[in-house]
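Report on the structure given below.
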Amino acid sequence: MCPERISIIVNNAINIGKVTASGTVGGINNASIKVKVKVKVKVKVKVKIKIKIKIKAPKLSGKMCYSVAYLEKKQSRLIERYKNMLPPEWKDPIHPKNKLDQLPEYYFLSAFTHPELPIVTGEGIRMKEWGLIPFWVKDEEKGTKIRKGTLNAVGETVFEKPSYRSIIRSKRGLLPVSGFFEWRDYNGKKYPYYIRLKDHDLFSLACIFDSWINKQSGEIIESFSVMTTPANTMMEAIHNRKKRMPLILSLEKEKEWIGNHLNEQEVLELIKPFDSNRMEAYPVSRRLNYSGNNRNTPEAIQKKNYPELPVIQS
DNA sequence: CCAGACGTTGTT
DNA sequence: GTCTGG
DNA sequence: CCAGACGTTGTT
DNA sequence: GTCTGG
């Protein structure tokens, strides 16, 4: 129940002590507690002590999804892929609303550059920037700051976080990708892996999105965050102590996710690791480790053999 | 009451 | 170790 | 996530 | 916008 040791420092024997300690608390590993102590001296010997204890559960830490490949150039293919969940007018690929025809192929895109990508929503496919700016952000400076940390949204806590808790109920979307990248830490070296589905088709990363209005300029920024969930066995093997992966939705679940009649429980039901058996992964060039390089080249998804690296199976 | 945070990751 | 930039 | 920097002064 | 800490 109690941390292994707590030290209390009392200043001048009158008031204060503020202590932090960590250990196992109530069965929670690595929980940290903050103890605030108020001491009132009554007589020479008698002391009244007030202790307030706050237990903070450890953060769910996670490895994440910060880079993807998007290799589908043709908007018609994209629309075809998602047509059973798009509004009727979207079933016609030449409808004037469709302005996605200039999409290049993206071999490697880093979320940290806030790329603009097509997001499938209940209203259709809309371009949005990666790195969510919550609607309540006051100014551009704050928005720039906050979006560096909203590239991903932890599935288990998404109904609690101020940045996400309201939009998770109504603004859910899909980021179509060809694959994504994760780094494996082996003998102190970082090896990037390209991960995709065995069928090599486009698949969907679940995301949530928001609109932000710049009050100064009137500009509207549409942005999104990719959901994450605990890793499946393959993603765990790509090691990294983090044990997380992006939320991949199966074909059947895609439509449900972007629909607007799910309650909290039903949304949480969808936030589950994807089946390892349907995924594959292989190492790629360590050139991807350097953001100074132009990483958006076909080499990014080319398999590279590292003799020292044990193979990972799905 | 007001001011400030609001996110992710990382680590021994 | 910890922060910043990509 | 990764790599790379990590200080001060002066100036417009 | 809404919660937390002071």
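Here the structure is a predicted model, which means the values were calculated and not measured. So that the names make sense, note that chain A is the first sequence line, chain B the second, and so on, each numbered from 1.
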Please list every donor-acceptor pair under 3.5 Å in which a side-chain atom of residues 262-273 of chain A meets a protein atom from a residue at least two apart or in another chain.
{"residue": "A:Asn263", "atom": "OD1", "partner": "A:Gln265", "partner atom": "N", "Å": "3.1"}
{"residue": "A:Asn263", "atom": "OD1", "partner": "A:Glu266", "partner atom": "N", "Å": "2.8"}
{"residue": "A:Glu264", "atom": "OE1", "partner": "A:Arg169", "partner atom": "NH2", "Å": "3.2"}
{"residue": "A:Glu266", "atom": "OE1", "partner": "A:Asn263", "partner atom": "N", "Å": "2.8"}

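- Looking at residues two or more places apart in sequence or on another chain, you find a side chain to side chain donor-acceptor pair (under 3.5 Å) between A:Ser211 and A:Glu222.
- Checking side-chain atoms of A:Arg295 against main-chain N and O of A:Leu288 turns up a donor-acceptor pair under 3.5 Å.
- Comparing C:dT2 with B:dG10, their P atoms sit 14 Å apart, to the nearest whole Å.
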Q. In dot-bracket, 5' to 3', how would DNA chain C read with Watson-Crick or G-U wobble pairs under 3.5 Å, [ ] for crossing ones and | for pairs to another strand?
A. ||||||
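- Atom P of nucleotide E:dT2 and atom CD of A:Glu160 are separated by 17 Å, given to the nearest angstrom.
- Here the separation of C:dC3 from D:dG7, taken at their C1' atoms, is 15 Å to the nearest Å.
- Cation-pi contact between A:Lys128 and A:Phe224: absent, since separation from the ring centre below 6.0 Å together with deviation from the ring axis within 45° is not met.
- Rounded to whole Å, atom P of D:dC1 lies 9 Å from atom CD of A:Glu182.
- Within the 4.0 Å cut-off from OP1 or OP2 of D:dA3, at least one side-chain nitrogen or oxygen of A:Asn289 is found.
- Contacts of residues 290-310 of chain A with DNA chain B (heavy atom under 4.0 Å): none.
- Using a 4.0 Å cut-off between charged side-chain N and carboxylate O, A:Glu160 and A:Arg165 make no salt bridge.
- Side-chain rings of A:Tyr306 and A:Tyr191 approach one another, their centers coming within less than 6.0 Å.
- Using a 4.0 Å heavy-atom distance criterion, A:Ala111 is classed as making no nucleic acid contact.
- Atom CZ of A:Arg147 and atom P of B:dT9 are 18 Å apart (whole Å).
- Residue contacts for A:Tyr164: at a heavy-atom cut-off of 4.0 Å it reaches the sugar-phosphate backbone alone, with no base atom in range.
- At whole-Å resolution of the value, NE2 in A:His114 and C1' in D:dC1 are 14 Å apart.
- Nucleotides B:dT12 and D:dC1 have their P atoms positioned 13 Å apart, rounded to a whole Å.
- Both thresholds, 5.5 Å between centres and 30° between ring planes, are met by A:Phe112 relative to the base of D:dC1, so the two rings are stacked.
- Between the P atoms of D:dT11 and B:dC2, the separation comes to 43 Å (whole Å).
- Note: CZ (A:Arg287) to C1' (D:dA3) measures 15 Å, nearest angstrom.
- One interatomic measurement links the two molecules: OH of A:Tyr106 to C1' of C:dG6, which rounds to 17 Å at whole-angstrom precision.
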Q: Would you check, one step at a time, whether the test side chain to side chain donor-acceptor pair (under 3.5 Å) holds for A:Tyr82 with A:Ser204?
A: CA-CA 10 Å; A:Tyr82 290 98; A:Ser204 302; 2.6 Å; yes
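- Around CG of A:Leu251, the count of heavy atoms belonging to other residues, nucleotides or ligands within 6.0 Å exceeds 12.
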Collect all protein-nucleotide pairs involving nucleotides 4-6 of chain B in which both atoms are nitrogen or oxygen and the distance is under 3.5 Å.
none

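- Heavy-atom contacts from other residues, nucleotides or ligands closer than 6.0 Å to CD of A:Glu141 number 12 or fewer.
- In this entry the distance linking CD1 of A:Ile133 with C1' of B:dT8 reads 16 Å, nearest Å.
- Taking the side chain to side chain donor-acceptor pair (under 3.5 Å) definition, one finds that A:Glu116 meets it with nothing, sequence neighbours left out.
- Of the candidates C:dG6, D:dA3, B:dG7, D:dA3 carries the atom nearest the A:Lys190 side chain, counting heavy atoms from C-beta on.
- When A:Leu247, A:Leu205, A:Leu197 are each tested for a side-chain contact (heavy atoms from CB on, under 4.5 Å) with A:Phe274, only one passes: A:Leu197.
- A:Asp139 and A:Lys215 are not joined by a salt bridge, as no carboxylate oxygen comes within less than 4.0 angstrom of a charged side-chain nitrogen.
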**Q.** side chain to side chain donor-acceptor pair (under 3.5 Å) between A:Ser276 and A:Thr233, intermediate numbers included
**A.** CA-CA 6 Å; A:Ser276 278; A:Thr233 48; 2.9 Å; yes
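- The separation of B:dG4 from D:dT8, taken at their P atoms, amounts to 25 Å, rounded to a whole angstrom.
- One atom, CZ of A:Phe159, and another, C1' of E:dG1, lie 18 Å apart when rounded to the nearest Å.
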